[in-house]
Number of protein chains: 2
Amino acid sequence: MMTSESRTARAAYHHGNLTEVLLAAAIALIEEKGVEALSVREVAKRSGVSPGAPFRHFSSKTALLTAVAEEAMGRLTAAVRAEMSRTGDADPIEALRAIGRGYLAWALSNPTHFQIISSRSLIDFHDSPRLVEENEAIRVIMVDLIARAQREGRLRPGIVPGDLVFSSRAFIYGVARMWIDGHFEEWRVERPVAEVMESALDLFIKMIDAQS
Amino acid sequence: MMTSESRTARAAYHHGNLTEVLLAAAIALIEEKGVEALSVREVAKRSGVSPGAPFRHFSSKTALLTAVAEEAMGRLTAAVRAEMSRTGDADPIEALRAIGRGYLAWALSNPTHFQIISSRSLIDFHDSPRLVEENEAIRVIMVDLIARAQREGRLRPGIVPGDLVFSSRAFIYGVARMWIDGHFEEWRVERPVAEVMESALDLFIKMIDAQS
DNA sequence: GATGAATGTAATCAGTGATTACACAAAGGA
DNA sequence: TCCTTTGTGTAATCACTGATTACATTCATC
């Protein structure tokens, strides 16, 4: 296993850490033209290197995209945590709302990256400990918050905590994906996107909160 | 504009309606290997025809996939309507549950087709009147049912009908896509998929129903 | 300075969507 | 019956893709 330092040092051989340059080029290209338009050759060209070179650093196009996904997943969880710490976790329901807010805001600003980390055919999700762990971390936080809400009598009667974890995720994922997949138009959403997302989140929170 | 009859008749020139044979081959191939693995050449080969032939009937690969999507969308709305007529619409809340049930059951049994009709990069959704109309039909039914539920006092207080239409769709779409995208595993869903979907749907319905 | 691993190159492979010029079959009018 | 027109399919080809190979280069280290 290479440490981050030793890899950076060794990568400076010919090109000067190609690995990171390739990653940056891939991210830039994806942001410009979308994931579908990404090609390893183009990434190589932009990095000023031969078409075969990237394969020394990433065993396949999927591996390259997985690395992009790791980067993106880091940014997503950071955004969620930032929104949480802004809100605080005194109130578990408000903390849950903050997670949703952070998640949706990030998806809204980073549609292509969201698409990549959500996909399981573009990337090798389960082969990346980092992806699995960061995803799991958020899930655990949600489980804890919902359990606490339950103990404090903040959940509407009849709601099974385990079901709510899954359903909350499904709801927020559905809103995000409807945006990513371009379904807002068909569902007659003429208001600003951010506003619609906020209303949807408010409605969901209202529906689970015993005190509303 | 060609009518269906005349096209069928004329298509029998060399091959005997290639258009439909290509469509069937494409569907079969997609069901076997997934959308990603679909190639026009393979479709042509399976139909016993040269690689360029399909382009006489579908102007591009996207056009071919759009035709597949039209077929699939027809099946989805049929499944939803079937589930609705099984339940009846005496109770608007139960009718909404039936829509969700039909939608999820179909997505569960037809993951790849669901993926295609949900995508806006694989197909030309907005160029297909049929896709747009069938999607709109379901939306209108939901709008009506929710309006009726509102009038009959079946909606929990504080729920804005317009927001609920969107949120219901987002929720059901989220559940379906979590399945399609392979997120069930990560969210620790060890129970049978169909059971989880049912629980999620029940929870959502319970949350909107004033009488529960 | 020689050794050996890490890294990049050039050439090449099989496969892709798409376009073109061409061949062929059938329908319909003269 | 010819002969033109239209609809279909073919063959060849284009530019492009991800991936692999044999080879060359460069560096760290002994």
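Lettering follows sequence order; numbering is per chain, from 1.
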All side-chain contact (heavy atoms from CB on, under 4.5 Å) counterparts of E133(A), not counting sequence neighbours: P129(A)
List in chain and number order the residues that pass side-chain contact (heavy atoms from CB on, under 4.5 Å) with A176(B), two or more places apart in sequence or in another chain; answer none if no residue qualifies. Y103(B), L104(B), A107(B), F114(B)
What residues form a side-chain contact (heavy atoms from CB on, under 4.5 Å) with E185(B), not counting sequence neighbours? H126(A)
Among pairs that include at least one residue of residues 102-119 of chain A, which meet salt bridge (charged side-chain N to carboxylate O under 4.0 Å, His left out), considering only residues two or more places apart or in two chains? none
Can you list, in residue-number order, the parts of residues 22-40 of chain A that come under 4.0 Å of DNA chain D, counting heavy atoms only? L38(A), S39(A), V40(A)
So which nucleotide from dA22(D), dG18(D), dT8(D) ends up closest to the side chain of F55(A)? dG18(D)
Atom pairs under 3.5 Å: protein N/O with N/O of nucleotides 13-15 of chain D:
none

Numerically ordered, the residues 58-68 of chain B set in heavy-atom contact under 4.0 Å with DNA chain D is none
For residues 192-202 of chain B, tabulate all N or O donor-acceptor pairs below 3.5 Å that involve a side-chain atom, not counting sequence neighbours.
residue	atom	partner	partner atom	Å
S199(B)	OG	R191(B)	NH1	3.3
S199(B)	OG	E195(B)	O	3.1
D202(B)	OD1	R97(B)	NH1	2.9

Considering only distance and modelled atom types, tabulate donor-acceptor pairs under 3.5 Å from the side chains of residues 66-75 of chain B, sequence neighbours left out.
residue	atom	partner	partner atom	Å
T66(B)	OG1	T62(B)	O	2.7
T66(B)	OG1	D124(B)	N	3.1
E70(B)	OE2	S128(B)	OG	2.6

What residues, two or more places apart in sequence or in another chain, satisfy salt bridge (Lys or Arg N to Asp or Glu O under 4.0 Å) together with R177(B)? D181(A), D181(B)
Report all side-chain donor-acceptor pairs from residues 46-56 of chain A shorter than 3.5 Å, counting only partners two or more places apart or in another chain.
residue	atom	partner	partner atom	Å
R46(A)	NH1	E32(A)	OE2	3.0
R46(A)	NH2	E32(A)	OE1	2.9
S47(A)	OG	V43(A)	O	2.9

side-chain contact (heavy atoms from CB on, under 4.5 Å) partners of D144(B), counting only residues at least two apart: V140(B)
